[in-house]
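Only this structure's heavy atoms are used, side chains among them; waters, hydrogens and symmetry mates stay out. Note on naming: letters A, B, ... go to the chains in the order of the sequence lines (proteins, then strands), and numbering restarts at 1 for each one.
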Number of protein chains: 2
Amino acid sequence: MNGSDSTSTVSGSSTPRRSDATRGAILAAARERFAADGYERATIRAIAKDANIDPSMVMRYYRNKEGLFAAAVAIDLRLPDVSGADRRPDAGRILVEHFLGLWEDNEVLTALLRVGATNQAGAERMQGILRDQLLPVAQQVCPDPEQVPARAALMASQLLGLALTRYVLRLPPAVGLAREEIVAWLAPTIQRYLTAPAP
Amino acid sequence: MNGSDSTSTVSGSSTPRRSDATRGAILAAARERFAADGYERATIRAIAKDANIDPSMVMRYYRNKEGLFAAAVAIDLRLPDVSGADRRPDAGRILVEHFLGLWEDNEVLTALLRVGATNQAGAERMQGILRDQLLPVAQQVCPDPEQVPARAALMASQLLGLALTRYVLRLPPAVGLAREEIVAWLAPTIQRYLTAPAP
DNA sequence: CTCGTTGGCCAACATCTGTTGACCAACATG
DNA sequence: CATGTTGGTCAACAGATGTTGGCCAACGAG
């Protein structure tokens with residue numbers, strides 16, 4: 001909707017502004033706060049203080065809080081291609097491993113999930129990601145187009161459920177799981193959701 | 001912590017107060033608001049208005065907002081017993097069906113999940129439920145006590161993940177799934193998490 | 001009837017929220 | 001040097017929020 005998307009994580013600069021450092025600091029602080037506190041409690045004042053600037057700068061650069069959020073959670077999951085015949089039987093494992101890596105060094109996803117749970121805009125953003133990035137993956141491995149949305153939804157339910165219990169709610173038994181354990185348990189589930197014949 | 005827990009969902013009344021109706025109205029309104037808006041945006045004023053009383057009454061009966069939340073989300077999942085030898089092979093299906101019923105006519109769970117995502121107290125409440133109600137179920141079907149927490153966590157990840165995508169984020173493909181579809185896909189997953197030999 | 005207790009409303013408080021506009025300093029360009 | 005543009009701060013606003021205390025009406029036991 002908003003045309004000011006050009007300042008994404010990629011520093012592809014056509015006109016490198018002098019304020020880019022500040023803009024970046026604001027975005028970084030915003031991601032951290034949104035991830036830690038959710039939408040409502042991540043106040044503009046707190047974000048500005050983290051970025052060592054005045055709250056009004058946030059408004060100047062991102063119009064309002066919603067605009068800041070939109071800019072802060074723009075993300076590309078960089079999902080691997082699993083369409084190759086050699087990779088298809090391993091799709092479950094590949095995807096689970098990719099997701100674990102994604103969540104563990106990217107606070108944006110935690111922010112997105114936390115905000116999506118209570119904020120309409122956040123929920124819609126997640127809808128977009130599912131539709132634009134997760135659905136195509138399901139499409140790669142599932143022949144019947146009619147089943148693709150359901151299979152993508154199932155995959156999302158398991159992957160987001162793990163992220164929820166482990167990185168957001170931080171339920172101790174979920175945090176205690178070892179990385180390899182998770183892969184070993186979840187990979188077959190994802191594989192089945194994607195490729196098993198509909199029950 | 002607080003001694004005023006005697007007014008729970010159970011109407012076991014030792015001293016039926018004249019204000020019980022109002023108390024109930026407040027709790028009902030609180031559950032609805034917490035479920036719809038999350039902790040921060042469910043304001044005491046809005047809840048009071050829904051219950052047709054003055055905001056100050058909420059404080060009088062529940063001390064503060066945190067106390068109101070604690071009272072509003074006290075819940076017993078009434079998880080079925082799956083320890084019987086005849087039921088054990090069906091544990092996955094039984095549990096998934098029970099959970100679907102639970103979520104569909106109980107807004108408390110939606111409230112709890114929404115709040116747990118952004119609020120520390122909410123997250124801890126979910127921890128308690130996992131520990132006190134979900135873990136025992138895993139214990140019923142898994143012989144090795146050392147594996148119980150991991151298996152319970154895996155089950156929670158899938159069940160909460162479904163709830164998240166379907167009832168909180170309301171991702172269209174997840175909402176579109178038919179009840180029987182969900183059972184057919186998820187039951188084997190839960191069954192495997194609970195009873196399959198550790199990979 | 002009397003009077004303590006309970007249920008309820010009203011008005012206000014201090015604080016925090018997003019947001020705005022006026023103002024100043026540094027810079028680049030003519 | 002003069003001047004317009006950009007980066008930034010300060011002070012304030014209007015509204016909402018959790019919370020408090022005072023006040024009044026209805027009730028129930030003596």
**Request:** Check the distance between C:dC9's P and B:K49's NZ and give it to me in whole angstrom.
**Result:** 14 Å
**Item:** Interatomic distance where CD1 belongs to A:I47 and P belongs to C:dC16 [whole Å]
**Value:** 17 Å
List the atom pairs, donor and acceptor, that lie under 3.5 Å between side-chain atoms in residues 123-130 of chain B and the rest of the protein, sequence neighbours left out.
{"residue": "B:E124", "atom": "OE2", "partner": "B:Q120", "partner atom": "NE2", "Å": "2.9"}

**Asked** When the C1' atoms of the five terminal pairs at each end define the local axes, what inter-axis angle does the helix from C:dC1-D:dG30 to C:dG30-D:dC1 show, to 10 degrees?
**Response** 10°
**Message:** Please report the distance, rounded to the nearest Å, between CG in A:D37 and C1' in C:dT17.
**Reply:** 15 Å
**Request:** Using heavy atoms and a sub-4.0 Å distance, could you list which residues of residues 113-125 of chain B are near DNA chain C? By number, please.
**Result:** none
**Message:** Just verifying a value: how many Å separate B:I94 CD1 and B:F99 CZ, rounded to the nearest 0.5 Å?
**Reply:** 14.0 Å
**Request:** Could I get the full list of side chain to side chain donor-acceptor pair (under 3.5 Å) partners for B:D81, not counting sequence neighbours?
**Result:** B:S83, B:Q140
**Fill in**
Taken in chain and number order and not counting sequence neighbours, the residues that satisfy side chain to side chain donor-acceptor pair (under 3.5 Å) with B:R151 are B:Q147
**Request:** List for me each residue that meets side chain to side chain donor-acceptor pair (under 3.5 Å) alongside B:R192, sequence neighbours excluded, and say none if there are none.
**Result:** A:T189
**Prompt:** Applying salt bridge (Lys or Arg N to Asp or Glu O under 4.0 Å), which residue pairs with at least one partner in residues 102-115 of chain A are found, sequence neighbours left out?
**Reply:** A:E104-A:R166, A:E104-A:R179
**Request:** Determine yes or no for a side-chain-to-main-chain donor-acceptor pair under 3.5 angstrom, with B:Q139 supplying the side chain and B:P149 the backbone.
**Result:** no
**Request:** Quickly work out the A:I26 CD1 to D:dG7 P distance and round it to whole Å.
**Result:** 11 Å
**Prompt:** Taking only residues two or more places apart in sequence, or in another chain, which ones meet B:A150 in a side-chain contact (heavy atoms from CB on, under 4.5 Å)?
**Reply:** A:L177, A:E181
**Request:** Just jot down the ring-ring contact (aromatic ring centres under 6.0 Å, His included) partners of B:F69, sequence neighbours excluded, or say none.
**Result:** B:F34, B:Y39
**Asked** Which letter, B, S or -, goes with each nucleotide of nucleotides 25-30 of chain D from 5' to 3', with contact meaning a protein heavy atom under 4.0 Å?
**Response** ------
**Rounded interatomic separation in angstrom, taking CG from B:L68 and P from D:dT17** = 15 Å
**Prompt:** Starting at CE of B:M57 and ending at C1' of C:dC10, how long is that distance when rounded to a whole Å?
**Reply:** 13 Å
**Pairing of A:R87 and A:D90 as salt bridge, 4.0 angstrom limit** = no
**Asked** Does B:S19 make a side-chain N or O approach to OP1 or OP2 of C:dT6 shorter than 4.0 Å?
**Response** no
Pairwise N/O distances under 3.5 Å, protein to nucleotides 18-22 of chain D:
{"residue": "D:dG18", "atom": "OP1", "partner": "B:K65", "partner atom": "NZ", "Å": "2.9"}
{"residue": "D:dG18", "atom": "OP2", "partner": "B:I44", "partner atom": "N", "Å": "3.1"}
{"residue": "D:dG18", "atom": "N7", "partner": "B:R45", "partner atom": "NH1", "Å": "2.7"}
{"residue": "D:dG18", "atom": "O6", "partner": "B:R45", "partner atom": "NH2", "Å": "3.0"}
{"residue": "D:dT19", "atom": "OP2", "partner": "B:K65", "partner atom": "N", "Å": "2.9"}

Residues 153-162 of chain A, side-chain donor-acceptor partners within the protein, below 3.5 Å, at least two apart:
{"residue": "A:S157", "atom": "OG", "partner": "A:L154", "partner atom": "O", "Å": "2.7"}
{"residue": "A:S157", "atom": "OG", "partner": "B:Q158", "partner atom": "NE2", "Å": "3.0"}
{"residue": "A:Q158", "atom": "OE1", "partner": "B:Y193", "partner atom": "OH", "Å": "2.8"}
{"residue": "A:Q158", "atom": "NE2", "partner": "B:S157", "partner atom": "OG", "Å": "3.0"}

**Distance in angstrom units between A:R41 CZ and D:dA16 P, rounded** = 22 Å
**Asked** So which heavy atom on B:L102 is nearest to which on B:R78, and how close?
**Response** CD1-NH2, 4.3 Å
**Item:** Heavy-atom pair of closest approach, residues A:I47 and A:A29
**Value:** O-CB, 3.6 Å
